[in-house]
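Notes follow the structure.
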Amino acid sequence: MQHHHSVDASGVFSGPVGIDLRAMLASKENVLAALQVDLSVALQFAAGWVVVTSERLLACEPGTTVWRSWPLGSALALRLQDHGGIGSLELHDPSARLALWRFTLAHHAQALRLVQRFEQQNARGEGGAEDEADEPACPTCHTPLPPDTDECPACARAQPPQTSTWVLLRLWRFARPYRKQLAAGFCLTLASTAATLVPPYLTIPLMDDILIPFQNGQKIEPSLVLLYLSGLLASALAAWGLSWARTYILALVSERIGADLRTTTYEHLLRLSLDYFGGKRTGDLMARIGSETDRINVFLSLHALDFVTDVLMICMTAAILFSINPWLALVTLVPLPFIGWMIHTVRDRLRTGFEKIDRVWSEVTNVLADTIPGIRVVKAFAQEKREAQRFRDANQHNLEVNDKLNKTWSLFTPTVSLLTEIGLLVVWGFGIWLVSRNQITVGVLTAFIAYIGRFYSRLDSMSRIVSVTQKAAAGAKRIFDILDHVSNVPDPAQPVKVDKVQGAISMQGVGFRYGSRSVIKGLQLDIRPGEMIGLVGHSGSGKSTLVNLISRFYDVSDGSIQVDGIDIRRFAVADYRRHIGLVLQEPFLFFGTIAENIAYGKPEATREEIVAAARAAHAHEFILRLPHGYDSLVGERGQGLSGGERQRISIARALLIDPRILILDEATSAVDTETEKEIQKALDNLVQGRTTIAIAHRLSTLRKADRLVVMDRGEVVEVGPHDELMEKQGAYWRLYEAQARRAEEDAQAAGVIIDSGLLHPAHPAGNP
């Protein structure tokens, strides 16, 4: 009986292994961190433990109950690395490797914490056994935190590298096609900014030449007042018109940049190989292409424009202030160093915070992406409350991370405003002193105050832009993580053109590895054009991997696969796959009409071609019974159709493209016997004249195969027709007999009488 072991919050093990460990611990020895390894050194699944205590490193080797021990000391070192989905932890001393443990990456976070605690305890030396109950701990992993920080080193190492704001400059590749519009927008920004700076300058003559002389008894000249007021109106109208044109042009450009970014990312994502999607969550990818590109688009259309305007306004205002009075201008700049220091300090915290928010938000979308497509399973097992709790937990985590970031941001913004207000008071005081000494006029001081108000408001605006800039930088990094990923199934630089395929397939020394785990090795197989091959073997023998290699969903690690004598890696991927038809165990239908799903591989197909394919797939009759026939809508993933109906539509889809190579992956295993007969008739039409590779657990479905290929542990162990393999009484015979006995037992349990002549070993020459 297999036991499951766990570690509770205090680090104490439960289960039989825990009893053994507690017996080994000294009275004052505490467990600090533990890693449950789930692979042996030979990469077979087995449970074991690696434990760091206050005094030593302990390990229970996978699949055993034997514990080994190494006293902590500066000579020991733990090295953690991962490759191809497999993590490894090595213990070294200065002369040799002492131990090796392997684990799947589901335990990677545990491994990071274990290494971090090991390094901390080694650094403490003999004082490592002291009580740590009062140390602050990370709320996520419960690891004690280093002094003077609230950042957990173990969690930080588990996170991707921090984003630099300079990643936004990489968006230039998307902005380059619109550089003329951007240049026009910059010129308009420059002109509109200059127009907004005219009114404060006109306040100088209004004060010194009109209002102050009037207070001293002089008359006001209406023509002069009209001139100055006309200048104010003209500058306001000019600023309005220029600002409108600037905003409109740059908004159009930013929308197009965002659309290009979204399209390019999605197109690149479609070109990536299947192994990339195997390590990603659907909700996370949806969030990147959707919300992240929207965030970048908002930044480009609004905040980047505001930032440029702010910089121009500050520079031009500073130039005007120095031209009016250099000493008063210098006093105006007093708050700048403090504001700059705050922006620099807060920027790093915001950058880290927004990256965490992005990751946490993807957890929320992942719950939705899991639950909504799987709503039938959720309801079938009455797990609505559980899924609601999952969403509530993810949402609460998102709330906590946002609250932590808002704590920093809420302090930063008012502080900047306070510094600008203090700067304004200093200018008022120094300006009044200059007026009292007749070094400037009241009009000059009034203009100064007007300019300073704009100067400081732009400083405050720039400080607020720090937040959205870091949000956009975090989003850009997540987008470029996709764009920088190179497909493991690349197109050749000079592809061989695929005009017509005969269908001869040759596999020479084919090997394939998932990471460091060998799945197929040294496989030799030749398939003649038009031949039907049946792949049989136990689950995990490599059948599906082989057809994935033939379809070039993955590339071989060793050897080559040739079609008509040409290595398939020399073909363009899209051109090659147009000659392959694929019928899966679980057919996938898109939301749309029946006709659109049948014509998915050939969108330009006529209605006559679609109907002909449906007839050949024995789907025409049930389609006509639907409310709108071929124009009937099917739900997402084919909801509303039975499994057999979905399968026949997928067969029609394969028939329509008329492939020369056909792959059937368990096409009839998920349906009942009557439906299987209908599907088998459709398959009989489908395989005619095509090179066919069929996988089936029910050996009876391969009765028409020309040859059967028996696989075991990634190798071909037998090849030949059914009768010949049965006579050998080898691997295929054992599979066939085991399946026959299961079928007979199932039938007897159901009270069904079976013709033993079809199943009994006394008839080895019978058809499957």
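Hydrogens, waters and symmetry mates are skipped; everything else that's a heavy atom, side chains included, is used.
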**Complete:** What one should report as the nearest heavy-atom pair of Val510 and Ile520 is O-CG2, 3.6 Å
**Asked** Heavy atoms, side chains only, cut-off 4.5 Å: are Ile580 and Arg660 in contact?
**Response** no
**Fill in**
For Val717 and Ala731, the nearest pair of non-hydrogen atoms, with its separation, is CG2-CB, 4.0 Å
**Prompt:** Hey, is Arg707 close enough to Glu531 for a salt bridge, meaning N to O under 4.0 Å?
**Reply:** yes
**Request:** Could you give me the CA-CA distance, side-chain angles and deciding distance for Asp558 and Arg513, then say whether salt bridge (charged side-chain N to carboxylate O under 4.0 Å, His left out) is met?
**Result:** CA-CA 9 Å; Asp558 303 298; Arg513 293 182 296 275; 3.1 Å; yes
**Prompt:** Do you see a donor-acceptor pair shorter than 3.5 Å between the side chains of Gln508 and Gln524?
**Reply:** yes
**Item:** Interatomic spacing from CZ in Phe103 to CG in Asp38 - rounded to 0.5 Å
**Value:** 8.5 Å
**Prompt:** Which atom names give the shortest non-hydrogen contact between Ser650 and Val583, and what distance separates them?
**Reply:** OG-CG1, 3.8 Å
**Request:** Search all heavy atoms of Gly592 against all heavy atoms of Glu596 and return the closest pair with its distance.
**Result:** CA-OE1, 3.4 Å
**Request:** May I ask you to say whether Arg690 pairs ionically with Asp658, meaning some side-chain N is under 4.0 Å from a carboxylate O?
**Result:** yes
**Item:** Check: Arg173 and Leu483 side chains under 4.5 Å, non-hydrogen atoms
**Value:** yes
**Item:** Atom pair CZ/OG1 of Phe480 and Thr265 - distance to nearest 0.5 Å
**Value:** 8.0 Å
**Prompt:** When rounded to the nearest 0.5 angstrom, what distance separates CE in Met532 from CG in Leu708?
**Reply:** 9.0 Å
**Item:** Ile693 and Leu662, any side-chain heavy atoms less than 4.5 Å apart
**Value:** no
**Complete:** Taking every heavy atom of Ile550 against every heavy atom of Ile561, the minimum-distance pair comes out as N-CD1, 4.1 Å
**Complete:** Rounded to the nearest 0.5 angstrom, the CD1-CG distance for Ile598 and Leu656 is 8.0 Å
**Request:** To the nearest 0.5 angstrom, please state how far the CG atom of Asp93 sits from the CG atom of Leu76.
**Result:** 7.0 Å
**Request:** Measure the shortest side-chain to side-chain distance between Leu89 and Leu100 over non-hydrogen atoms and say whether it is less than 4.5 angstrom.
**Result:** no
**Message:** Looking only at the side chains, is there a donor atom on one of Thr264 and Glu267 sitting less than 3.5 Å from an acceptor on the other?
**Reply:** no
**Heavy-atom donor-acceptor pair, Arg570 side chain to Val496 backbone, under 3.5 Å** = no
**Request:** Please round to the nearest 0.5 Å and tell me the distance separating atom CD1 of Ile695 and atom CG of Leu546.
**Result:** 7.5 Å
**Asked** Just checking, any donor-acceptor pair under 3.5 angstrom between side chains of Tyr732 and His722?
**Response** yes
**Prompt:** Do the side chain of Asp491 and the main chain of Val573 share a donor and acceptor less than 3.5 angstrom apart?
**Reply:** yes
**Asked** With a 4.5 Å limit on heavy-atom distance, are the side chains of Gln729 and Arg734 in contact?
**Response** no
**Prompt:** Which pair of heavy atoms, one from Trp49 and one from Val37, lies closest together, and at what distance?
**Reply:** N-CG2, 4.0 Å
**Request:** List the steps and the verdict of salt bridge (charged side-chain N to carboxylate O under 4.0 Å, His left out) for Glu718 and Lys728.
**Result:** CA-CA 10 Å; Glu718 286 184 342; Lys728 287 183 178 180; 5.7 Å; no
**Request:** Give the C-alpha distance, both sets of side-chain angles, the deciding distance and a yes or no for side-chain contact (heavy atoms from CB on, under 4.5 Å) between Arg569 and Ser560.
**Result:** CA-CA 9 Å; Arg569 288 171 292 190; Ser560 67; 3.7 Å; yes
**Val556 side chain near Phe512 side chain, heavy-atom distance below 4.5 Å** = no
**Prompt:** Is the closest side-chain heavy-atom distance between Asp706 and Ile533 below 4.5 Å?
**Reply:** no
**Asked** Can you find a side-chain donor-acceptor pair between Ser88 and Glu90 that sits under 3.5 Å?
**Response** no
**Message:** Within the supplied structure, the quantity of interest is the number of heavy atoms (other residues, nucleotides, ligands) at a distance under 6.0 Å from Tyr600 OH; does it exceed 12?
**Reply:** no
**Prompt:** Does some side-chain heavy atom of Asp526 sit less than 4.5 Å from a side-chain heavy atom of Ile505?
**Reply:** no
